[in-house]
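Right, one structure below, let's go through it.
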Amino acid sequence: MSISPTGSRGSSKDDVLAQRQRIRHSAAHVMADAVVSFFPGAKLTHGPPTEEGFYYDIELPRPLTPEDLVRIEEKMREIVAADAPFVCSEVSREEAKRQFAGNPYKLETIDDIPAGERITTYSHGAFTDLCEGPHVQRVGEIKAFKLLNVAGAYWRGDEHKAMLQRIYGTGFESKDALERHLTMLEEAAKRDHRKLGRELELFIFDPVAPASPFFLPKGALVYNELVAYVRGLNTLHGYQEVITPQIFSTDLWKRSGHYDNYIENMFLVDVDEREFGIKPMNCPSHAVMYASRMHSYRDLPVRYADFARLHRYERSGVTHGLTRVRSFAQDDAHLFCRPDQIQQEITVFLKQFAETYKMFGFGEISIRLSLRPEKRVGTDAMWDAAEEALERALTSNGLAFAVAPGEGAFYGPKLDFLVKDAIGREWQMGTLQLDYSLPERFELEYVAEDGSRVRPVVIHRAWLGSIERFMGILIEHTGGALPLWLSPVQAVVIPIADRHIPYADGVAQQMGAAGLRARVDGRSERMNLKIREAQVQKTPYMLVVGDKEQEAQAVAVRLRTGENQGARPVAEVVGEMQTLARERR
RNA sequence: GCCACAGUAGCUCAGUGGUAGAGCAGCUGUUUCGUAAACAGCAGGUCGUCGGUUCAAUCCCGACCUGUGGCUCCA
């Protein structure tokens, strides 16, 4: 698996990508030109190319409608057809300010350009924009583009500043490339886990519990298989599973710091004139458990694993299917370590992580190392040691990573593992965080070799992260064709006529006895329909049984790939499926 | 939370200021069938909720709820 960003690309691919960026950046200008022609009062702010296309954030007198987008796109075609050249001009700071005097956003941008740096404008036709480029030579090079949607976006990404209208579009060097991109988006929409979750009868949502999944029997099965898998890993790596309460007096949250830092994201309940909070995280309860007895340096690390359900009051508008929910669980664990054990624990975690994600078939994972934020606890020496420990662990395991300065938690630096969903949005899956605050707040100790009391360090970690989110992303990556070991129904036995039902039942029983999940489709329907439905449900094995198979103690095997393997002995198929299940494939 | 959009049968969707329709799914019957949808019939909806306008509202207006795409947030 390449766990890192892909290495150097061929130069011709680089050329294509660079040209695409220029096309998209230029398309953003053309779009701005078109918008201004309809709304002379429009104030342009910022319009960059992106990995997928481009956008422009604009202050407008009224919200744009879909019809506006159509008009803007038409106007853009006219502008592109005119094929004006892009002209770059270097201007003085004063000149730039004069040119953009009516636009406070541009003035702010100009003020932010460091002294001594070139200030340039790019023009095509009568339209000029403050911009550092680069652009295509002529507008006509924008061979294919499409406006996609309008969204709100804050100026400078600050929710306390003005909300602008962001128009998204995409552009390519050819109509063909644009078509391929649009087709890809359509295909991605078919893999949307929210759609597949309903179609495969895995889970539902209901307004009675907003953003909280209800796992149907099949979804619960997948969920429980994932948990069972992690339980196995936990045993392997010396974790002890614990069970902790859901609801705690706010005394606990005050002590842990959540009350000060996280209260708007917690569900609170008042009972008996006391205030309680439903837990958004397991760490404080694990600290309480750790503190309930004495610990020797010999007993560390203490590794508490917990699959408890967590609740976070996510602001409306941020939730999304299974990937951002209000009710979820993590394959959570807290490791109470001596400082000298940190390195080793991280390494073990990383090795298992790589193996796990390879098994699930996640090829492209980005790792983010988030370093000390402004607001933090602990000494600089602690942070130096912690950041160094994480970085060293990554390097010594040969893992590439991106550094995110200032993005760490207030209690320690963290490693996040991100995977993309079907349409390229990145989601944090696994995580590993060093914590120097929790042991302090809960006065955690162990007795060192010399009899002194020492503070342990806590490592928060999860391989899968949220089980819900992991399942959602896995569904998108597999298009719903979950590996056999996770498939709710691993085989459907399809009797051709009613007289074959007893034999089919026997086959299913054999499979059940072998620990496999098989069911018989004994409805009085045609075989074609049964195959179609098993296919739509992405059932790994379809086992057709008729006179010939019954005679030969065989099943005719059809895989969900469409491959028809013909009649095979039942025992052989059972053995094959058991191997797949055992090897988690 | 902010901006925009959406909500009609279990699902996908059509439709109208005069109280609704299709396909699939469901149920019943017939069919017993060889690798992606047999045939027929039946049933199914206070058109998201609450208010307002109107002789009359699923349709127009408002608020709320839920969802979708972004933004912000994810200590």
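Below, chain A is the first sequence line, B the second, and so on; all start at residue 1. All values below were derived from every heavy atom in this structure, side-chain atoms included, with hydrogens, water molecules and symmetry-related copies excluded.
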Just to be sure I understand the rule, does Glu549(A) reach a base, reach only the sugar-phosphate, or reach nothing, if contact means heavy atoms closer than 4.0 Å? base
Applying ring pair (Phe, Tyr, Trp, His ring centres under 6.0 Å) between Phe470(A) and each of Trp463(A), Trp427(A), Phe362(A), report the one that passes. Phe362(A)
Residue Met163(A), side-chain heavy atoms: nucleotide from A4(B), C3(B), C74(B) that is nearest: C3(B)
Mind checking whether Tyr304(A) and His286(A) have parallel, tilted or perpendicular rings, split at 30° and 60°? perpendicular
Could you tell me whether Ala534(A) contacts a base, only the sugar-phosphate backbone, or nothing, with contacts defined as non-hydrogen atoms closer than 4.0 Å? nothing
Ranking C33(B), C71(B), U12(B) by distance to the side chain of Arg499(A), first place goes to C33(B)
Taking the side chain of Arg198(A) as its heavy atoms from C-beta onward, which of U72(B), G34(B), U12(B) lies nearest to it? U12(B)
Enclosure of Glu264(A) CD (heavy-atom neighbours >12, cutoff 6.0 Å): yes
Strictly under 6.0 Å, is that where the ring centroids of His460(A) and Tyr411(A) end up? yes
Check whether more than 12 heavy atoms from other residues, nucleotides or ligands sit under 6.0 Å from atom NZ of Lys146(A), and answer yes or no. no
Mapping Val545(A) and His258(A) onto RNA chain B by nearest heavy atom, which one lands closer to the 5' end? Val545(A)
Check the phosphate of U32(B) against Arg526(A), side-chain N and O only, distance under 4.0 Å to OP1 or OP2. Yes or no? no
Determine the contact category for Arg425(A): base if any of its heavy atoms lies under 4.0 Å from a base atom, sugar-phosphate if only primed atoms, P, OP1 or OP2 are that close, otherwise nothing. sugar-phosphate
Side-chain H-bond candidate by donor/acceptor type, Arg558(A) with Gln535(A), under 3.5 Å: yes
If pairs are Watson-Crick or G-U with both distances under 3.5 Å, what is the dot-bracket string of RNA chain B, marking crossing pairs with [ ] and pairs to another strand with |? (((((((..((((....[..)))).(((((.......))))).....(((((..]....))))))))))))....
Tell me whether the rings of Phe172(A) and His181(A) are parallel (<30°), tilted (30 to 60°) or perpendicular (>60°). tilted
Pro210(A) side-chain proximity, nearest of U66(B), C71(B), A4(B): U66(B)
N or O in side chain of Arg558(A) less than 4.0 angstrom from A36(B) OP1/OP2: yes
By the 4.0 Å heavy-atom rule, please label Asn149(A) as base, sugar-phosphate, or nothing. sugar-phosphate
I need the CD-P distance between Glu314(A) and C71(B), as an integer number of Å. 16 Å
How is Asp498(A) classified with respect to the nucleic acid when contacts are heavy atoms under 4.0 Å: base, sugar-phosphate, or nothing? base
Without hydrogens or angle criteria, can the side chains of Asp421(A) and Thr323(A) be said to hold a donor-acceptor pair below 3.5 Å? no
Base, sugar-phosphate, or nothing for Ala209(A), non-hydrogen atoms under 4.0 angstrom? nothing
Check RNA chain B against residues 428-439 of chain A and give the residues with a non-hydrogen atom under 4.0 Å, in numerical order. none
Has the side chain of Arg194(A) got a donor or acceptor atom sitting under 3.5 Å from an opposite partner on the base of U68(B)? no
If you only use heavy atoms from C-beta on, which nucleotide in U72(B), A36(B), G67(B) is closest to the side chain of Val318(A)? U72(B)
Hey, which sits more toward the 5' end of RNA chain B by its nearest nucleotide, Leu529(A) or Cys283(A)? Leu529(A)
Let's test your reading of the model: under 3.5 Å, does the base of U31(B) pair with the side chain of Ser524(A) as donor and acceptor? yes
Scan Tyr411(A) against the nucleic acid and name what it touches under 4.0 Å (heavy atoms): base, sugar-phosphate only, or nothing. base
With a distance cut-off below 6.0 Å to the six-membered ring centre and an angular limit of 45° from the axis, does Lys161(A) pair with Tyr154(A) as a cation-pi contact? no
